[in-house]
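Input: a single structure, listed below in structure tokens.
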Amino acid sequence: MKKVITMLMMSVIILTTVLLGGCGKSDPAISKKETPYTVVENLSADGQKDIKNYLTEKSPDVIKIKETTEGYIKAHATVDYKTTDGMGTYGYVNDEILKELKEKNDAEETIKGFKQYKVVQELNGLKIDSITITKGMNLAEIKGTFTFKYLEGTDDFFKKYNKEKNTLYQQNFRVQMEKKTDVWKVSFSHIKEEDSPKK
């Protein structure tokens, strides 16, 4: 009888150890070290105040935000006047921005400008410097840079805008997003227009 009781007690101890060990596993989305991906109380002017947590690249929100950012910037920086419909970025923005773009006839104006100057432009590279997310995990700000070059364009275009064909240019960007029904959409973007040749 004592042997049976002893075996039962050992089983309980082993089971308890396994359960407690499982509870002690760290969240793969949370980093103990500093990373470019932060969770903050609120989005501030510099986007980096009141840091609550650092996230890893395994964070589902970081993954989705990166995908949206990459798609949005690629759509913005990739142009071919022969095929563009002027709506490349539309699938990445929220309803409010989409409504504004449509009210301004943005697509038509975009197509008109690209075709007038026969612009072909391609994205060369994209670097995300930081992703800042509010603790509610529903607002985010992304900062980074991207490089691109003009493959084609009229002489008037290159002269008017002081650009050169096949020269690599760099621009900084700041994008804000909001999450609804688990989907991140651009709610604001600022892409620095004063691009300059990348040294």
Side-chain angles (χ1 to χ4, degrees), residues 15-79 84-102 106-107 110 121-148 170-192 195 198:
L15 181 60
T16 302
T17 302
V18 170
L19 290 174
L20 289 175
C23 293
K25 288 183 179 179
S26 59
D27 185 345
I30 304 297
S31 175
K32 295 180 180 178
K33 298 180 180 179
E34 183 176 341
T35 72
Y37 320 119
T38 57
V39 177
V40 299
E41 187 75 27
N42 295 293
L43 290 180
S44 57
D46 60 13
Q48 291 295 327
K49 292 182 179 178
D50 302 321
I51 294 175
K52 302 300 180 184
N53 275 314
Y54 290 102
L55 301 177
T56 70
E57 292 190 348
K58 293 182 179 180
S59 161
D61 283 297
V62 169
I63 292 171
K64 291 175 182 177
I65 289 170
K66 277 187 170 184
E67 289 175 350
T68 301
T69 303
E70 289 166 0
Y72 178 74
I73 295 299
K74 183 178 180 180
H76 172 83
T78 304
V79 175
T84 185
D85 61 3
M87 298 185 290
T89 62
Y90 284 23
Y92 300 98
V93 301
N94 67 8
D95 293 340
E96 288 77 9
I97 290 185
L98 185 58
K99 182 180 179 182
E100 290 177 9
L101 291 173
K102 289 181 176 180
D106 174 78
T110 299
Q121 174 183 316
E122 75 172 7
L123 178 69
N124 180 266
L126 168 66
K127 181 177 181 291
I128 295 176
D129 295 323
S130 66
I131 295 176
T132 306
I133 310 174
T134 59
K135 68 175 184 178
M137 305 303 282
N138 63 340
L139 297 174
E141 182 171 86
I142 306 91
K143 294 180 180 179
T145 59
F146 66 92
T147 53
F148 67 99
Q170 178 173 295
Q171 288 189 333
N172 300 320
F173 68 85
R174 179 168 67 91
V175 173
Q176 290 184 351
M177 296 184 191
E178 62 177 3
K179 182 172 70 172
K180 290 184 178 179
T181 60
D182 208 35
V183 177
W184 287 96
K185 293 279 190 177
V186 174
S187 56
F188 168 85
S189 70
H190 175 72
I191 297 175
K192 188 176 180 182
D195 49 64
K198 184 175 172 59

Exercise: identify the closest heavy-atom pair between Ala75 and Gly88: CB-O, 3.2 Å
Taking the side chain as every heavy atom from C-beta outward, state whether Leu43 and Thr132 have any atom pair closer than 4.5 Å. yes
Criterion side-chain contact (heavy atoms from CB on, under 4.5 Å) on Val93 and Tyr72, from CA distance to verdict: CA-CA 8 Å; Val93 301; Tyr72 178 74; 3.9 Å; yes
Under the rule for side chain to side chain donor-acceptor pair (under 3.5 Å), what residues qualify as partners of Lys127, not counting sequence neighbours? Asp129
Nearest 0.5 angstrom please: Gln170 CD to Thr147 OG1, how far? 7.0 Å
Kindly give the heavy-atom pair with the smallest separation between Glu57 and Val62, and that separation in Å. CA-CG1, 4.3 Å
Sequence neighbours left out, what passes salt bridge (charged side-chain N to carboxylate O under 4.0 Å, His left out) with Lys52? Give chain and number order. Glu41
Across all chains, not counting sequence neighbours, the side-chain contact (heavy atoms from CB on, under 4.5 Å) partners of Lys180 are Glu96, Glu178
Can you list the residues that meet the salt bridge (charged side-chain N to carboxylate O under 4.0 Å, His left out) rule with Lys185, with sequence neighbours excluded? none
Please name all residues satisfying side-chain contact (heavy atoms from CB on, under 4.5 Å) with Lys179, sequence neighbours left out, ordered by chain then number. Asp61, Met137, Asp182, Trp184
List for me each residue that meets side chain to side chain donor-acceptor pair (under 3.5 Å) alongside Glu70, sequence neighbours excluded, and say none if there are none. none
Taking only residues two or more places apart in sequence, or in another chain, which ones meet Glu100 in a side-chain contact (heavy atoms from CB on, under 4.5 Å)? none
Residues two or more places apart in sequence or in another chain: which of them pass side chain to side chain donor-acceptor pair (under 3.5 Å) with Asp106? Tyr90
Looking at Ile97 and Val186, what are the two nearest heavy atoms and their distance? CD1-O, 3.6 Å
What I'd like to find out is whether the side chain of Thr35 reaches to under 4.5 Å of the side chain of Thr56, using heavy atoms alone. no
Quick check for you: to the nearest 0.5 Å, what is the distance between Thr38 atom OG1 and Ile51 atom CD1? 5.0 Å
After noting the C-alpha distance and the side-chain angles of Leu55 and Ile133, does the key distance pass the side-chain contact (heavy atoms from CB on, under 4.5 Å) rule? CA-CA 10 Å; Leu55 301 177; Ile133 310 174; 3.8 Å; yes
Test side-chain contact (heavy atoms from CB on, under 4.5 Å) applied to Phe146 - qualifying residues, sequence neighbours left out: Ile73, His76, Ala77, Leu123, Leu126, Phe148, Gln171, Phe173, Ile191
Would you mind reporting whether Glu141 and Val175 have side-chain heavy atoms less than 4.5 Å apart? no
Could you report the tightest heavy-atom contact between Ile131 and Lys66, atom names first, then the distance? CD1-CG, 4.0 Å
From Thr78 OG1 over to Gln121 CD, what is the distance, rounded to the nearest 0.5 angstrom? 7.5 Å
Pro36 backbone acceptor or donor facing Ser130 side chain under 3.5 Å: no
Residue pair Tyr54 / Lys33: nearest heavy atoms and the distance that separates them: CB-O, 3.4 Å
Set of ring-ring contact (aromatic ring centres under 6.0 Å, His included) partners for Tyr37, sequence neighbours left out: none
In chain order, what residues pass the side chain to side chain donor-acceptor pair (under 3.5 Å) check against Thr134, with sequence neighbours excluded? Asn138
Ile142 and Ile65, any side-chain heavy atoms less than 4.5 Å apart: yes
